[in-house]
Visitor: 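Have a look at this one.
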2 protein chains.
Amino acid sequence: NVGFGKTPQNRSISVDALKPSDTFARRHNSINPEEEIKMAQYCGFDNTNALIDATVPKSIRIQSMKFSKFDEGLTEAQMIEHMKNLASKNKIFKSFIGMGYYDTYVPPVILRNIMENPAWYTQYTPYQAEISQGRLESLLNYQTMITDLTGLPMSNASLLDEGTAAAEAMAMCNNILKGKRKTFIIANNCHPQTIDICKTRADGFDLKVVTADLKDIDYSSGDVCGVLVQYPGTEGEVLDYGEFIKKAHASGVKVVMATDLLALTVLKPPGELGADIVVGSAQRFGVPMGYGGPHAAFLATSQEYKRLMPGRVIGVSVDSSGKSALRMAMQTREQHIRRDKATSNICTAQALLANMAAMYCVYHGPEGLKAIGQRVHGLAGTLAAGLKKLGTVEVQGLPFFDTVKIKCADSQAIANEARKHEMNLRIVDKNTVTVSFDETTTLEDVDKLFKVFAGGKAVPFTAASIAPEVENAIPASLVRESPYLTHQIFNSYHTEHELLRYLYKLQSKDLSLCHSMIPLGSCTMKLNATTEMMPVTWPEFASIHPFAPVEQTQGYQEMFENLGDLLCTITGFDSFSLQPNAGAAGEYAGLMVIRAYHLSRGDHHRNVCIIPVSAHGTNPASAAMCGMKIVSVGTDAKGNINIEEVRKAAEAHKDNLSALMVTYPSTHGVYEEGIDEICKIIHDNGGQVYMDGANMNAQVGLTSPGFIGADVCHLNLHKTFCIPHGGGGPGMGPIGVKKHLAPFLPSHPVVSTGGIPAPENLEPLGTISAAPWGSALILPISYTYIAMMGSNGLTEASKQAILNANYMAKRLEDHYPVLFRGVNGTCAHEFIIDLRGFKNTAGIEAEDVAKRLMDYGFHGPTMSWPVPGTLMIEPTESESKAEMDRFCDALISIREEIAEIENGKADANNNVLKGAPHPPSMLMADSWNKPYSREYAAYPADWLRAAKFWPTTARVDNVYGDRNLICTLLPANHYEEEKAATA
Amino acid sequence: NVGFGKTPQNRSISVDALKPSDTFARRHNSINPEEEIKMAQYCGFDNTNALIDATVPKSIRIQSMKFSKFDEGLTEAQMIEHMKNLASKNKIFKSFIGMGYYDTYVPPVILRNIMENPAWYTQYTPYQAEISQGRLESLLNYQTMITDLTGLPMSNASLLDEGTAAAEAMAMCNNILKGKRKTFIIANNCHPQTIDICKTRADGFDLKVVTADLKDIDYSSGDVCGVLVQYPGTEGEVLDYGEFIKKAHASGVKVVMATDLLALTVLKPPGELGADIVVGSAQRFGVPMGYGGPHAAFLATSQEYKRLMPGRVIGVSVDSSGKSALRMAMQTREQHIRRDKATSNICTAQALLANMAAMYCVYHGPEGLKAIGQRVHGLAGTLAAGLKKLGTVEVQGLPFFDTVKIKCADSQAIANEARKHEMNLRIVDKNTVTVSFDETTTLEDVDKLFKVFAGGKAVPFTAASIAPEVENAIPASLVRESPYLTHQIFNSYHTEHELLRYLYKLQSKDLSLCHSMIPLGSCTMKLNATTEMMPVTWPEFASIHPFAPVEQTQGYQEMFENLGDLLCTITGFDSFSLQPNAGAAGEYAGLMVIRAYHLSRGDHHRNVCIIPVSAHGTNPASAAMCGMKIVSVGTDAKGNINIEEVRKAAEAHKDNLSALMVTYPSTHGVYEEGIDEICKIIHDNGGQVYMDGANMNAQVGLTSPGFIGADVCHLNLHKTFCIPHGGGGPGMGPIGVKKHLAPFLPSHPVVSTGGIPAPENLEPLGTISAAPWGSALILPISYTYIAMMGSNGLTEASKQAILNANYMAKRLEDHYPVLFRGVNGTCAHEFIIDLRGFKNTAGIEAEDVAKRLMDYGFHGPTMSWPVPGTLMIEPTESESKAEMDRFCDALISIREEIAEIENGKADANNNVLKGAPHPPSMLMADSWNKPYSREYAAYPADWLRAAKFWPTTARVDNVYGDRNLICTLLPANHYEEEKAATA
Ligand SMILES: Cc1ncc(COP(=O)(O)O)c(C=O)c1O
Ligand SMILES: Cc1ncc(COP(=O)(O)O)c(C=O)c1O
Ligand SMILES: O=C([O-])O
């Protein structure tokens with residue numbers, strides 16, 4: 001309540017009152033000062049600082065954090081001005097570089113209503129299927145689009161980029177052949193970054209990668225598990241791999257084909273050619289180049305290998321009422337289960353971008369896509385024909401789709417001439433350039449190119465004038481005959497109104513941060529502020545090819561420098577690599593850095609990695625991918641790593657110790673007191689400390705990995721640093737390292753890069769991601785977050801995140817056992833409530849509580865991880881007290897519902913928890929034969945009467961779906977049959 | 001279905017196939033060629049052209065339309081490029097001009113989630129309360145904010161701009177005094193545009209406007225109905241009007257006060273000073289300046305005059321279950337009912353902008369606003385203090401809030417110096433400038449201004465250094481003591497997450513074009529394409545002060561020229577005025593043009609306006625506002641204007657005939673055959689033809705007002721030309737005229753403007769809107785629509801709009817009587833179905849059908865207008881066949897529900913129509929005692945099972961609300977009491 005009446009008028013004005021009053025931190029950190037003190041006191045402390053002092057171990061506490069730039073934090077308006085300034089330093093040249101990245105028109109309806117729409121971009125991975133049917137449908141569309149275009153029946157719903165997708169396929173070949181053949185061949189018509197990533201990745205799997213000219217490929221060793229070819233090739237050639245594949249198969253060799261979706265609208269699909277695994281990127285289907293990413297990559301394969309597919313797969317199942325419903329198939333994330341036996345560690349993928357690409361297909365439909373494919377091909381043909389006419393250069397003779405290869409006297413001179421017209425070509429070698437066309441290429445561009453290649457000679461024709469003479473360059477045997485995208489969904493929404501409504505229809509089924517808090521432990525679902533998101537869709541950031549000359553990308557470069565510097569200050573490290581494009585990719589990269597370090601010192605034998613049993617599944621998976629031998633260490637009753645066990649393990653493996661992987665605060669939500677000692681033990685035994693930065697939100701400004709003693713750490717920028725989760729990606733997982741490790745940070749074969757700031761020596765481990773700076777387009781999000789918060793705002797955020805978790809734990813502790821706390825009884829930024837007891841007292845499991853929470857309008861917390869039968873709650877600093885109270889009220893109310901079962905008032909098998917969630921179709925069905933009332937099911941809390949988010953399906957049956965794996969759209973008539981059946 | 005298998009490969013490439021395939025028209029016009037021919041045949045024609053030929057009278061049919069620019073239509077990408085180019089020609093200087101327009105920070109969360117969000121901007125006026133509770137709440141917030149800040153208890157939910165709000169207040173004064181006093185005094189401390197608008201408006205009301213210095217105001221004539229003063233004054237002075245108001249009241253004079261909302265955070269509110277009516281603009285509360293608009297204006301008054309308030313008012317009522325629910329109060333728009341007795345014609349208002357301003361308040365809260373107000377005041381004080389110290393100029397001595405008035409030797413020289421720093425000052429006269437501060441002003445700006453005014457002299461201090469010496473300049477008697485914005489809603493959502501969720505909570509209650517078609521006859525709810533919307537929020541369009549020097553706004557000017565030219569081609573007129581900012585404002589402006597024309601010829605007596613009874617209520621209201629005498633003419637049985645009646649009326653009033661107002665095609669949805677003859681009759685009798693362009697969507701490319709014979713016409717750009725309705729505004733109502741009327745087009749007192757293209761002579765009628773080009777910021781929407789569609793695309797749109805209406809009429813005619821058709825049995829772009837019969841057969845009224853449609857997920861068509869007891873359906877060209885079929889299926893299904901009543905199977909008083917709409921709370925209540933089933937109520941059609949938009953409240957009681965008028969937020973405890981009462 002306000003009332004200025006009583007304040008006497010202040011007749012003079014303070015300078016502070018003349019500064020902008022609307023600082024960003026107070027919009028992000030959601031607890032106001034009055035609430036803060038009350039909450040701290042409720043937790044038993046005088047104030048927040050007292051709580052923090054009691055929580056963060058003194059030995060690792062830093063006194064303060066200070067940035068060399070942005071220390072005070074910019075206002076939102078100042079930030080936008082700064083970003084505009086950076087943007088103006090990026091030059092948008094028209095790109096003809098190709099190599100897996102092509103300009104595209106993002107349909108504005110998709111741009112605004114998916115990419116710029118918080119209701120889509122703030123969603124979490126669809127672990128809770130009943131409140132995620134919208135994006136599940138869209139991802140199923142994605143899988144269907146991939147299977148249709150590639151001609152293979154199974155696809156996942158995105159990998160990180162084309163290069164890592166190829167590496168995943170390589171690992172699959174190795175697996176298919178059970179590790180018995182240790183050579184993998186890569187045709188040298190693959191993109192250079194693809195080749196480098198596979199080579200790097202092969203190292204850890206102890207595979208030998210051989211690159212060879214297609215004609216020289218030889219399987220006679222009998223040791224070849226797979227071969228990777230590209231279709232069309234990196235320099236544009238379109239080859240018929242039919243015979244090649246037969247030969248490979250005859251030698252028991254699996255064929256992986258990297259391909260291009262747009263080309264497949266007119267080319268015979270890889271599946272029809274016999275390929276076993278097909279990979280590629282869906283970028284050119286309406287996803288901005290973004291200086292390298294984020295983009296959705298894909299991997300498709302046959303039914304035979306479907307259970308070896310990496311990544312997330314969406315499948316069709318049924319709900320408790322027998323109706324079709326979607327969910328993630330084989331959900332129990334493989335790396336979670338398989339740990340050290342894992343061959344892939346991918347978690348966060350590229351869901352948002354997969355959705356964009358799928359919607360691009362939905363919008364254009366098969367005929368629209370084919371028209372684009374044919375136009376691109378026709379324009380390329382026109383260029384080739386014109387250049388032949390012109391005779392100033394030599395055009396390569398092989399068939400092509402969108403890329404023309406040209407021999408010339410001086411490729412650099414040609415490229416320079418092109419740049420004068422603000423066009424970028426690819427320089428292949430001194431005498432070779434390629435010109436790749438895309439959806440945005442016009443006849444006028446072709447005319448400009450004629451001028452560029454004419455070398456001053458007059459061009460006596462135009463693209464339009466010679467087009468009628470141009471012949472289709474695709475060999476008859478490779479012309480696509482088979483239909484694709486015949487499903488209703490790809491043939492219905494071709495006008496903007498229809499697509500808009502389809503997007504909204506799906507959106508309305510999905511709970512996101514626009515609705516309520518999503519308190520997923522270990523996921524840090526915090527505010528993704530609009531100002532942070534705005535630059536992402538500015539053309540000066542979005543429309544840049546990753547291999548554009550660096551002098552055209554000075555805005556990006558300046559941001560990288562600043563961001564690297566800020567992250568170094570935050571983490572206490574000396575250098576950062578921005579290449580890994582997810583947390584798990586960061587883990588892998590970080591361990592590879594450690595590996596390279598040991599190797600550089602001749603310590604080839606150092607390959608033991610100690611990992612606590614409480615670690616996230618990606619930790620052992622990543623270690624396994626680096627060829628490390630995993631040694632598990634346990635935790636004590638309080639959930640802390642057993643230091644003595646660590647010591648014993650480290651000493652036992654002293655000679656071969658490579659690393660320890662440790663999450664801090666622990667995955668149990670506790671600041672372990674012994675963390676500095678643990679680091680010391682590892683170092684004393686010759687090992688390096690890898691810190692998993694997933695819980696960085698509890699460290700910023702209070703301590704840091706570097707200060708604690710870690711040597712490497714990845715940051716999930718999509719957790720602590722505000723990149724939204726996008727319904728399962730994108731993310732970014734840059735890694736920071738201490739000085740001695742900086743030389744080993746990843747490089748890139750096309751654009752040279754390494755640590756930021758740059759170390760003195762360079763001994764890069766290889767290449768981790770397809771793009772030099774990973775998903776550069778989303779880095780402005782984290783950058784602006786940090787710059788607007790300033791060092792104090794960030795420190796406050798950590799404190800509030802911890803305060804909030806403690807407040808919630810306190811509110812809940814009388815109702816649920818709270819597992820694991822620190823020495824002073826506090827938790828870190830998240831905590832675990834234990835539901836295991838209810839199994840006996842009421843037959844209730846964690847899943848029942850998570851599903852019932854949906855009826856209260858909430859997304860369940862992280863379920864059964866890291867401890868089965870529990871829920872892990874992480875509120876973050878950007879949830880308000882009111883929202884947290886509502887969430888606690890819901891859980892307390894659910895506890896009372898459990899009590900009803902315990903005391904026999906409710907049926908143990910048929911109760912409001914087992915019946916949850918309750919979608920409207922169930923609640924307003926004519927027949928109702930539950931032992932509880934409709935209103936009790938629907939409106940268990942008052943606030944739901946004012947507005948409620950409704951689950952759209954009853955509980956989805958995971959087991960049924962996994963037994964009957966269907967991972968593409970059902971034929972339209974399925975639904976009618978189902979209706980008839982359930983009527 | 002696709003299948004390329006059978007097409008033999010086309011070996012050569014056509015040039016057409018190399019042009020962009022993704023033209024805009026095919027995304028906007030939603031019927032594809034195969035559907036089109038089927039639909040035409042279904043209507044009994046060989047193809048669409050045959051249907052059109054049979055529908056549009058030959059005599060008025062134009063052969064083709066050709067644009068001098070954009071004739072072929074740009075692609076979306078080309079359009080954006082063109083707009084970027086225009087944008088680059090607008091220069092964003094920092095504005096210190098003031099005069100009712102101030103820069104402001106639009107909170108990004110509001111920018112993205114309201115202004116750039118189709119779920120908000122595509123809503124219609126909340127006539128259907130049950131599916132509009134979200135924006136109704138937001139508009140109630142707006143009214144509460146206005147009443148709190150002004151200190152008067154009643155407010156409407158927006159007027160068009162501050163100037164017209166003042167004119168509306170003037171008309172109210174006239175009304176309050178029942179037209180018995182004919183003088184209205186305006187203090188010359190009002191903004192010049194406010195004065196001019198009032199003067200122009202007074203003309204029609206036969207009021208005498210006297211402008212006078214405050215000290216010279218004199219009521220002794222006894223003829224003064226009201227006086228308008230400004231607080232703070234246009235040149236910044238803050239005067240205590242307490243005594244002044246007492247004096248006016250003593251003479252029976254009503255006091256209107258124009259004010260500034262930000263100033264009221266620190267100044268004593270006008271209500272406490274005794275003002276009767278308070279007006280102003282809410283622009284500076286987070287709405288971009290946009291070169292003049294759109295912005296929400298307000299009008300607040302006492303309880304006594306509430307029923308005389310113009311514009312839309314939101315009020316609290318109850319629904320059929322007794323729960324609080326909102327709806328438009330006194331809904332039957334006054335001009336609709338009062339017609340020629342109306343004193344205001346406002347319909348389309350500024351809902352979207354009112355929502356933005358209200359949310360700005362919600363986000364900042366009372367303390368945040370006060371901090372901004374104090375900062376702005378403090379910075380102004382700092383400037384004044386510094387200038388006094390500097391001594392190079394003279395600072396006016398009166399108290400001020402945000403505007404400092406300065407005497408100097410050469411104001412132009414000072415302004416020029418300021419421009420060098422990209423700052424715009426207001427030049428008041430040769431020796432006077434004012435400097436107005438706003439939310440975006442910084443200490444650095446003040447320092448720059450010191451330099452500007454120092455005239456080369458060194459400035460020995462900084463703003464920061466002198467700030468502590470600065471004293472608050474507000475006199476103690478005018479310091480605000482009373483609290484404001486104490487309601488919970490203004491004190492809860494101060495963090496971005498909280499506001500985001502509040503926005504989404506409201507949004508989830510409102511049906512918009514994102515959900516389904518909104519087939520409102522006469523409203524043309526067509527696609528508002530994203531590309532059209534994008535430039536609107538670019539700073540180069542959004543951040544420009546309307547009175548910025550024209551040389552800084554060349555991008556805007558070029559667009560105005562192009563748009564004027566395009567609109568002239570489309571309408572067959574010679575010149576356009578872009579000033580009127582709604583359809584009704586256009587009507588009024590157009591009639592005033594006619595009036596000025598007659599006056600210029602000495603025809604002072606020509607004041608009769610013939611208007612068909614079928615006209616929209618705004619027509620007679622506008623005519624009345626111009627002082628015209630209205631003569632009504634009837635329609636024949638077929639709904640056509642009775643030509644003989646027109647002839648008789650025209651001849652009878654031959655000497656005094658001013659104009660005919662006619663809508664074409666008619667409001668009955670018919671192309672009247674005699675329209676050319678009607679125009680001739682009017683002209684033959686010395687009158688001018690005013691055409692209401694609301695139905696322009698049925699004319700573009702097929703005929704035109706100019707070709708038909710009209711002399712003036714307004715266009716609702718928010719209908720035919722794609723400006724979204726924004727939940728009740730903004731809109732734009734430019735008027736086009738024949739050459740002889742062009743000199744009379746409105747001008748502007750601050751920035752000279754007139755017809756586009758400019759006529760030779762200028763005899764402007766006066767000023768219509770506060771800004772020279774009305775709501776310039778939204779003109780890019782119509783401009784891009786026209787430029788992307790090209791002449792063919794637009795003509796196709798008209799044809800499809802007509803085809804669609806005929807298709808729907810055909811589908812429905814066996815189920816409902818279709819009223820009024822043309823000579824060949826076709827309708828225009830809309831049609832009317834007659835429900836009157838069901839009153840007798842089933843007790844069912846139009847409202848019941850409209851409410852039941854909500855259960856089918858649809859917004860009802862226009863209800864009971866122009867014919868009571870009917871529904872008027874307008875599909876537009878951008879609805880797909882699938883969507884229209886769904887809508888027809890719904891109506892046919894409802895017809896079956898009515899039949900159940902007719903044949904006695906359903907109860908006449910208690911049936912699914914009378915019970916509609918059915919919100920979830922009703923459908924899943926424990927008790928259900930309707931005679932029909934829950935599922936029958938909830939899922940009357942199959943498609944609703946896949947996704948359904950739910951009404952959030954049961955049927956709202958309008959009568960109750962109007963009897964118990966409550967137009968501000970209820971105290972928070974009300975809801976608890978209600979809960980207790982209904983529990
Ligand atoms: C502790 C921990 N480590 C690693 C990861 C993997 O990160 P990403 O999903 O970005 O690959 C997660 C993801 O939730 C995590 O919680
Ligand atoms: C026929 C007709 N004339 C005039 C108007 C008034 O236009 P506006 O609401 O833009 O003032 C309308 C609005 O619906 C209309 O239908
Ligand atoms: O795998 C996870 O995203 O936690």
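These values consider heavy atoms only, across backbone and side chains, with no hydrogens, waters or symmetry-generated copies. The shown structure was predicted, so the numbers you read here are calculated from the model rather than taken from an experiment.
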Visitor: Non-hydrogen atoms of chain A under 4.5 Å away: do they reach the side chain of B:Ser512, the backbone, both or neither?
Guide: neither
Visitor: Check whether any side-chain heavy atom of B:Pro118 lies under 4.5 Å from a side-chain heavy atom of A:Asn113, and answer yes or no.
Guide: yes
Visitor: Indicate yes or no for a side-chain donor-acceptor contact from A:Asp926 to the backbone of B:Arg934 under 3.5 Å, with no hydrogens or angles considered.
Guide: yes
Visitor: So for B:Met533, is it side chain, backbone, both, or neither that comes closer than 4.5 Å to the heavy atoms of chain A?
Guide: both
Visitor: Check whether B:Ala17 gets within reach of chain A through its side chain, its backbone, both or neither, counting any heavy atom under 4.5 Å.
Guide: backbone
Visitor: Mind ranking B:Ala925, B:Gly365, B:Ser508 by heavy-atom pairs under 4.5 Å with chain A and telling me who comes out on top?
Guide: B:Ala925
Visitor: For chain B, find which of A:Arg501, A:Lys509, A:Met924 contributes the most heavy-atom pairs closer than 4.5 angstrom.
Guide: A:Arg501
Visitor: Chain A heavy atoms under 4.5 Å from B:His364: which part of the residue, side chain, backbone, both or neither?
Guide: both
Visitor: Let's go through B:Arg26 and A:Glu496 carefully: what are the C-alpha distance in whole Å and the side-chain angles of both, what is the deciding distance for salt bridge (charged side-chain N to carboxylate O under 4.0 Å, His left out) to 0.1 Å, and is it a yes or a no?
Guide: CA-CA 9 Å; B:Arg26 74 182 190 86; A:Glu496 183 164 339; over 6 Å; no
Visitor: Can you tell which of A:His494, A:Gln374, A:Lys505, A:Gln133 has the highest number of heavy-atom pairs within less than 4.5 Å of chain B?
Guide: A:His494
Visitor: Taking the side chain as C-beta and beyond, is there a heavy-atom pair between A:His497 and B:His28 under 4.5 Å?
Guide: no
Visitor: Who wins among A:Gly378, A:Pro108, A:Cys514 for the most heavy-atom pairs under 4.5 Å with chain B?
Guide: A:Cys514
Visitor: Would you tell me whether A:Arg375 and B:Ser21 have side-chain atoms, one donor and one acceptor, within less than 3.5 Å of each other?
Guide: yes
Visitor: Given side chains that start at C-beta, do those of B:Leu18 and A:Thr382 come closer than 4.5 Å, heavy atoms only?
Guide: yes
Visitor: Given that the side chain runs from C-beta out, which part of B:Trp950 has a heavy atom under 4.5 Å from chain A: side chain, backbone, both or neither?
Guide: side chain
Visitor: Tell me, out of B:Glu879, B:Arg945, B:Glu935, B:Met922, who's got the most heavy-atom pairs with chain A below 4.5 Å.
Guide: B:Glu935
Visitor: I'd like to know if A:Glu498 pairs up with B:Lys881 as an ion pair, taking the criterion as any Lys NZ or Arg NE/NH1/NH2 lying under 4.0 Å from an Asp or Glu carboxylate oxygen.
Guide: no
Visitor: Checking heavy atoms, do the side chain of A:Thr952, its backbone, both or neither come under 4.5 Å from chain B?
Guide: neither
Visitor: Give a yes or no on whether the backbone of B:Asn117 and the side-chain of A:Arg112 come within a donor-acceptor separation of less than 3.5 Å.
Guide: no
Visitor: Under 4.5 Å from any heavy atom of chain A, what part of B:Glu76 do you find: side chain, backbone, both or neither?
Guide: side chain
Visitor: Would you say that B:Leu443 contacts A:Val15 through its side chain, given a criterion of any heavy-atom pair below 4.5 Å between the two side chains?
Guide: yes
Visitor: Taking side chain as everything from C-beta outward and backbone as N, CA, C, O, which of these in B:Ile466 sits under 4.5 Å from a heavy atom of chain A? Side chain, backbone, both or neither.
Guide: neither
Visitor: Is A:Leu944 in contact with chain B via its backbone, its side chain, both, or neither, using a 4.5 Å heavy-atom distance?
Guide: neither
Visitor: Taking side chain as everything from C-beta outward and backbone as N, CA, C, O, which of these in B:Gln507 sits under 4.5 Å from a heavy atom of chain A? Side chain, backbone, both or neither.
Guide: side chain
Visitor: Select, from A:Tyr363, A:Tyr105, A:Trp928, the one with the greatest count of heavy-atom pairs under 4.5 Å involving chain B.
Guide: A:Tyr363
Visitor: Against chain A, work out which of B:Thr531, B:Ile372, B:Thr495, B:Val446 has the most heavy-atom pairs shorter than 4.5 Å and name it.
Guide: B:Thr495
Visitor: Under a 4.5 Å cutoff for heavy-atom pairs, which residue among B:Lys526, B:Met517, B:Lys948 has the most contacts with chain A?
Guide: B:Met517
Visitor: Highest number of heavy-atom pairs under 4.5 Å with chain B: which of A:Ala938, A:Ala947, A:Ser880?
Guide: A:Ser880
Visitor: Determine the option with the most heavy-atom pairs under 4.5 angstrom with chain B, choosing from A:Ser492, A:Ser465, A:Ala937, A:Ala119.
Guide: A:Ala119
Visitor: Can you tell me which portion of B:Thr537 sits under 4.5 Å from chain A's heavy atoms? Options are side chain, backbone, both or neither.
Guide: side chain
Visitor: Which bit of B:Phe949 comes within less than 4.5 Å of chain A, counting heavy atoms only: side chain, backbone, both or neither?
Guide: neither
Visitor: Under 4.5 Å from any heavy atom of chain B, what part of A:Met534 do you find: side chain, backbone, both or neither?
Guide: both
Visitor: Just wondering, do B:Pro920 and A:Tyr939 contact through their side chains at under 4.5 Å, heavy atoms?
Guide: yes
Visitor: Please test A:Lys19 against B:Thr442 for side-chain contact (heavy atoms from CB on, under 4.5 Å), starting from the C-alpha separation and ending with a verdict.
Guide: CA-CA 7 Å; A:Lys19 291 190 179 151; B:Thr442 62; over 6 Å; no
Visitor: Counting heavy-atom pairs under 4.5 Å with chain A, which one of B:Ala529, B:Pro539, B:Ala371 comes out on top?
Guide: B:Ala529
Visitor: Side chain, backbone, both or neither: which part of B:Ser921 has a heavy atom under 4.5 Å from chain A?
Guide: both
Visitor: If we only count heavy atoms from C-beta on, is the B:Arg27 to A:Val109 side-chain gap below 4.5 Å?
Guide: no
